[in-house]
Amino acid sequence: MEKKYLAQLAKQFPNIAKASTEIINLSSILNLPKGTEHFVSDLHGENEQFLHVLKNGSGSVKRKIEEEFGNSLSVKDKRALATLIYYPEQKLALIMKEEECLEDWYKITLHRLIKMGRRVSFKYTSSKVRKALPDEFAYVFEELIHEKDDLHDKDAYYNEIIQTIIRIGRAPACIIAFCNMIQNLVVDHLHVLGDIYDRGPGPHIIMDTLVDYHSVDIQWGNHDITWMAAASGHMACIANVIRIAARYGELDIIEDAYGINLIPLFRFVVETYKKTPCDNFNIHYDSDNYNMQDFDMDKKMQKAIAIIQFKLEGQIIKNHPEFQMQNRLLLDKIDYEKGTITIEGKTYPLTDTDFPTVDPKNPYALSPEEEAIMERLQSAFINSQRLQEHVRFLYTNGSLYLVFNNNLLYHGCIPLDENGNFCKVKVAGKTYSGRALYDVLESYARKAYYQESGPEKRLGQDLMWFIWCNKNSPLFGKDKMATFERYFVSDKELHAEHKNPYYSLLDREDVIDKILTEFGLDPNTGHIVNGHVPVKSSRGESPIKCDGKLLIIDGGFSKAYQKETGTAGYTLVYNSYGITLVSHKPFKSAEEAIRNESDVNSVTIDVEQWIKRRAVADTDNGKRIKETIRDLEKLLQAYKEGQIREKG
């Protein structure tokens, strides 16, 4: 087998010279500093804040500017340069209107960008830098950012190139390309720890950005899972997606961004819920962008789709007793004449008793009109080209968890019991726990999308709903989703959603070590990076758990959480020097950032700093390179011993 493998390798490196050259090249890469990894989580559609944090690399751009220019530039000039790098097209448009001597500004700016280009590219191979260069300026940029030590008069050489760029009118395009290249090279790889969707106005914009990003992985969040299942045609998840969009006044994401026709639902609501009270179905809207003319209709849409959701979910629970969710069957616990509901043996008055489409004798059956609407919506979700592109990207670049460079990444929680042991969960007739639970659920989530039809696809779709809201789901982590109670019962005790014991055990080293070991990591050096539950720093909560072994980076990107959290999100930067947690203040707007050269106010916390700077050799990619070097050395030996003949 080894000889066959070496024969295949020999096709790529057909002689001693080429194999030797590749060994030398790969060995040199191992000694380069590791690239910067950038971690973000729980974006919840807040595209402007996300894009700004992505552009500035959670302060990485400012750090590079400081390293390069130190005291040689004023604070004002450094701030202006940073803003230009973040928003080159928009900032240039303002400068071209306001700057009196554009030629001088071009010359100064290009010199500064060249220095920044050298600063951010020095730790990468020439081939990697070349891939980051725009085609139009690839040759010129290579000349500018790779200093020629053998030139007699370097300054004259570089000045002539810059002068030519300005003279032929390509300075603006060159500056934009330079800024984009710097953004790409400052962050080598992006990790998104889930919940791109729901609440905010721009999940589709975030997804467009991620699709075009140079290097990214995604750990699915529970809100992403519902959209993924909806894209596969799962009706209960379609209802969830629409209900949440209506609740946050963001139905235009479904209609305008994804081209899904909601008019049949709208007409049904107008006819059926015309005189139905909907006071309990309030809209959590953004006061700056929401059209108040939609307020009453959004409330009615929310109620109508919520009732459909409860019916569809009831059908799933009845079909899957193994989900152990019989306590969530509530429509049949209502006394429709008295206007009360019995939950866990206790009777409560309902705050809304108008259910125009519920048949008390068969409460989980859709009415003929509801069934027709859901069939049309199912077809619309399946046939939305943009949604399918985004969801396929989530599948191809995403997973329920990821082990990457000695870090374990996931969105929600590892289901544990009170003693810190892995919960045993039955899936498709077998019992799973720990890593195996993640693996089997991910397998079924993929079947739900990729299989054409059949029982495995249907089970996969229902298991995606299970992932969304079951107490044993690694993405939910609560004993119930109290959506019905919040809408229809005033007793606050019923609104409570109790967290899995995982969240009370985060500072127990034996528990964290057990989790790291379960996923194949060394507890002495590994870390867990976790999203999902906002850290309420305003109440004194810390995102750093178990002496830095576990880091929770959901700090409230979503505006809906920021009053509770006191921040606007945490991000994590892992570079060759160490691991840094960054806490962000709320971001006002890109327009203000451009015009006033303002940035997100951020506070950095050093989680761990290395005595010796980390190199590529210390990463997962370094391990793969070492394996390749070993294989090439075997090939080299095979050439020398005559086992394989050289060619070329």
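Bear in mind that the values here come from a model prediction, so they are computed numbers and not experimental data. Below, each value reflects all heavy atoms present in this structure, side chains not excepted, and no hydrogens, waters or symmetry copies.
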Give the table of side-chain donor-acceptor pairs shorter than 3.5 Å for residues 371-380, with sequence neighbours excluded, one pair per line with atom names and distance.
unit_1: Gln378; atom_1: NE2; unit_2: Gly233; atom_2: O; d: 2.8
unit_1: Ser379; atom_1: OG; unit_2: Asn383; atom_2: ND2; d: 3.2

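Here His38 and His189 keep their ring centres 6.0 angstrom or further from each other. A ring-centre distance under 6.0 Å is found for Phe404 and His191. Taking the six-membered ring where the residue is Trp, the centroids of Tyr449 and Tyr444 are separated by 6.0 Å or more.
Counted within 6.0 Å of CZ on Arg435, heavy atoms from surrounding residues, nucleotides or ligands total more than 12; the atom is thus considered enclosed. Counting heavy atoms of neighbouring residues, nucleotides and ligands inside a 6.0 Å radius, atom CG of Asp547 does not exceed 12 of them. Gln326 CD: more than 12 foreign heavy atoms inside a 6.0 Å radius.
A side-chain donor from one of Asp439 and Tyr401 sits under 3.5 Å from a side-chain acceptor of the other. Between the side chains of Asp462 and His320, at least one donor N or O lies within less than 3.5 Å of an accepting N or O. Remark: the Tyr348 side chain and the Glu493 side chain contain no N/O donor-acceptor pair separated by less than 3.5 Å. Counted by atom type alone, Asp335 and Thr340 present zero donor-acceptor pairs between their side chains at under 3.5 Å. Counting only N and O atoms by type, the side chains of Asp42 and His532 include no donor and acceptor under 3.5 Å apart. Remark: the Thr226 side chain and the Asn240 side chain contain no N/O donor-acceptor pair separated by less than 3.5 Å.
Leu550 contributes atom CG, which lies 5.5 Å from atom CG of Leu506 (distance to the nearest 0.5 angstrom). Once rounded to the nearest 0.5 Å, the distance linking OG of Ser433 with NZ of Lys424 reads 7.0 Å. To the nearest 0.5 angstrom, Ile205 atom CD1 is 11.5 Å from Phe50 atom CZ.
Here Lys361 does not pair with Asp359 in a salt bridge; the nearest charged N to carboxylate O distance is not below 4.0 Å. One finds no salt bridge joining Arg199 and Glu46 here, because no Lys/Arg side-chain nitrogen approaches an Asp/Glu carboxylate oxygen to under 4.0 Å. With respect to Asp298 and Arg247, no salt bridge is recorded, no charged nitrogen being found less than 4.0 Å from a carboxylate O. In this structure, Lys499 does not pair ionically with Asp479, as no charged nitrogen and carboxylate oxygen lie closer than 4.0 Å. We find that Glu322 and Lys426 are not joined by a salt bridge, their nearest charged nitrogen and carboxylate oxygen being 4.0 Å or further apart.
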Report task. Step by step, work out the salt bridge (Lys or Arg N to Asp or Glu O under 4.0 Å) result for Arg446 and Glu442. Result -> CA-CA 6 Å; Arg446 294 186 184 279; Glu442 181 173 327; 3.1 Å; yes

Requested in this report: Using the side-chain hydrogen bond (donor to acceptor under 3.5 Å, both in side chains) rule, take Thr347 and Thr342 through it: C-alpha gap first, then chi angles, then the decisive distance, then the call.
Outcome: CA-CA 4 Å; Thr347 301; Thr342 301; 3.1 Å; yes

Query - Full working for ring pair (Phe, Tyr, Trp, His ring centres under 6.0 Å) between His284 and Tyr248 - result: CA-CA 5 Å; His284 299 258; Tyr248 287 90; 5.7 Å; yes

Query raised in the report: Is there a side-chain hydrogen bond (donor to acceptor under 3.5 Å, both in side chains) between Glu37 and Asn405 once you walk through the steps?
Result: CA-CA 10 Å; Glu37 297 171 51; Asn405 287 344; 2.7 Å; yes

Query raised in the report: Step by step, would you call Val358 with Lys311 a side chain to side chain contact (heavy atoms under 4.5 Å, CB included)?
Result: CA-CA 9 Å; Val358 176; Lys311 290 180 177 183; 3.9 Å; yes

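When the salt bridge (Lys or Arg N to Asp or Glu O under 4.0 Å) test is applied to Lys514, no partner is found at least two apart in sequence or on another chain. Applying the ring-ring contact (aromatic ring centres under 6.0 Å, His included) test to Tyr336 and every residue at least two apart in sequence or in another chain returns Phe355.
Seen from the ring of Tyr574, Lys34 counts as a face-on cation partner, given the 6.0 Å and 45° thresholds.
Among Lys478, Lys480, Lys471, Lys492, the single residue meeting the salt bridge (Lys or Arg N to Asp or Glu O under 4.0 Å) criterion with Glu497 is Lys478. The side-chain contact (heavy atoms from CB on, under 4.5 Å) with Phe519 is formed by just one residue from the set Leu402, Ile414, Ile528; it is Ile414.
When all heavy atoms are compared, the tightest approach of His495 to Glu485 is NE2-O, 3.2 Å.
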